[in-house]
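Remember, it's 1-based here, ligands and their atoms both numbered in the order they're listed.
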Amino acid sequence: MSDFLHDCVALLGADQVLTGADCAPYLTDWRGRFTGAARAVLRPANTEQVAAIVRLCASAGVPIVPQGGRTGLVLGSVPDASGQAVVLSLARLNKVRSIDVLNRTVTVEAGCILQQIQEAAAHAGCLFPLSLASEGSCTIGGNLSTNAGGTAVLRYGNTRELCLGLEVVTPQGEVWSGLRGLRKDNTGYDLRDLYIGAEGTLGIITAAVLKLYPQPKAVRVAMVALDTPQQALALLARLQEACGASLTGFELMSRLCLDLVATHFPQLPRPFPKGPAQYVLVELSSSESEAHVTALLESSIGEALAAGLCSDAVVAESQAQSQGLWAVREHISMAQAAAGKNIKHDVSVPISRIGDFIQAAEAALGTAFPGCQVVCFGHLGDGNLHFNVAPAAGASHEAFLSNQAAINRIVHDQVDAHGGSISAEHGIGALKREELQRYKSPVELAIMAAIKQALDPLNIMNPGKVL
Ligand code: FAD
Ligand code: ZN
């Protein structure tokens, strides 16, 4: 055993320093696309141990890959193939430290699973609104480091908006204790915002203070059918006026998405066996009552139908039916995976330009790859689309993947032309590094590189990711 590993064992104990075959579960990304290599997987139990390990790595020049639930989709939390790095798993920092109901905050350690935090909040009669399909596995440290989005951003914002304070271990192994529960704090540069979304390249988040909200009394969902994304935008504006903060979800999906779910998950509800090209799942929440939310949903959808903003609607009559409609939305990715491999994009454009973007991108793809199928769905209320491209019906999915670079170029050029972002939710990781270089301005890239150099001059924090 090397001196370095020996020192790690002295700090953490032999059973928390994994080597050889024991590392395997930590080295492959969620989708199974890439397997890296590591000297060891280190599993500290608390902030002091994280700091001590980082000091050790800094003095030995060993790169560190912070890892939460490993559900990231851009190869950010797995090491490269060199075998030089250690994976630093935050899984054992999993305590909810405290809840302050009056301040509406919860203080949690970075390795807490998102669902665990939702449950702790609910137990205290509060809501922690961050919600992703991976919530049973992802950690809050990963959510903060990727500034995760999800399905409630429209009402509550991204993870960044839900965080008031952080505790961070710097690349030098010092601890910054910024666990403040303040909603107002204008005392110089906002270090918290620097670490959020940094994907582990500037330091290790070990704990956070998060915002809580009152729990809604009732939540109800409807699905509506309409012809175009432009119509969906008009419906969004209408519902925002009619429902205000009660509008908590607005998710777009195409006919193809519904058909894929019906084919691969026939046990799920089938709200529209046939119908027009686009569908929107609308969610309203009420702080009053079941009756209030149902009446608001029925009246606002009724007005939208009368105004010709949509052509048909299914309004859930119970919580179970609401969950059934959400399940349809949440199974689109899995249905598409069951149909074969595809080329994925996680993009955003200004909400007002979504219709134009979809039209332009589909037209450009149709010209270059006749018959290719676009599976487009996402968080329309946030301007965020999952824009996945699959081959023409009957064509080989494997062969189609060889067009990945050309297809990325078409889609991302259209995103750029419409004033958008090539990564709305999932981050950059190792997967989109080159795309970042292409689409960010030289000034922006230089500022990012200067921050990285200032905070991590040895370049030991997740090297090869983001920049
Ligand atoms: P990991 O994958 O372990 O790590 C992600 C990045 O953060 C890596 O760069 C890692 O180095 C870094 N990191 C992790 N922990 C720390 C820490 N404590 N300190 C510093 N750096 C750290 N994402 C969305 O935004 N919205 C969605 O709706 C969504 N849906 C998803 C659905 C499914 C089924 C899956 C598999 C993924 C989905 N994702 C979504 C992506 C993913 O779940 C999120 O990016 C999530 O925030 C990652 O958390 P994690 O704990 O798994 O992080
Ligand atoms: Zn998403």
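- Enclosure of atom CD in E161 by more than 12 non-hydrogen atoms of other residues, nucleotides or ligands within 6.0 angstrom is indicated.
- Within the structure, the ring pair (Phe, Tyr, Trp, His ring centres under 6.0 Å) test picks out the following pairs touching residues 152-172 (sequence neighbours left out): Y156-Y213.
- If you look at ligand 1, the protein residues with a non-hydrogen atom under 4.0 Å away are W30, P66, Q67, G68, G69, R70, T71, G72, L73, G76, S77, L90, A110, L132, A133, S134, C138, T139, G141, G142, N143, S145, T146, A148, G149, G150, E199, G200, G203, I204, I205, E425, H426, N462.
- Residues D190 and Y195 have side chains that never bring a donor and an acceptor to within less than 3.5 angstrom of each other.
- With sequence neighbours excluded, the residues satisfying side chain to side chain contact (heavy atoms under 4.5 Å, CB included) with S246 are C243, L296.
- Counting only residues at least two apart or in different chains, salt bridge (Lys or Arg N to Asp or Glu O under 4.0 Å) contacts with residues 342-355 are absent.
- Considering the Zn ion (ligand 2) as centre, the angle to OE1 of E425 and to NE2 of H379 is 100° (10° rounding).
- Side-chain contact between R97 and L179 is present, with at least one heavy-atom pair separated by less than 4.5 Å.
- For H386, the N/O/S atom at the shortest distance from the Zn ion (ligand 2) is named NE2.
- Within a 6.0 Å sphere centred on CD of E434, heavy atoms belonging to other residues, nucleotides or ligands number 12 at most.
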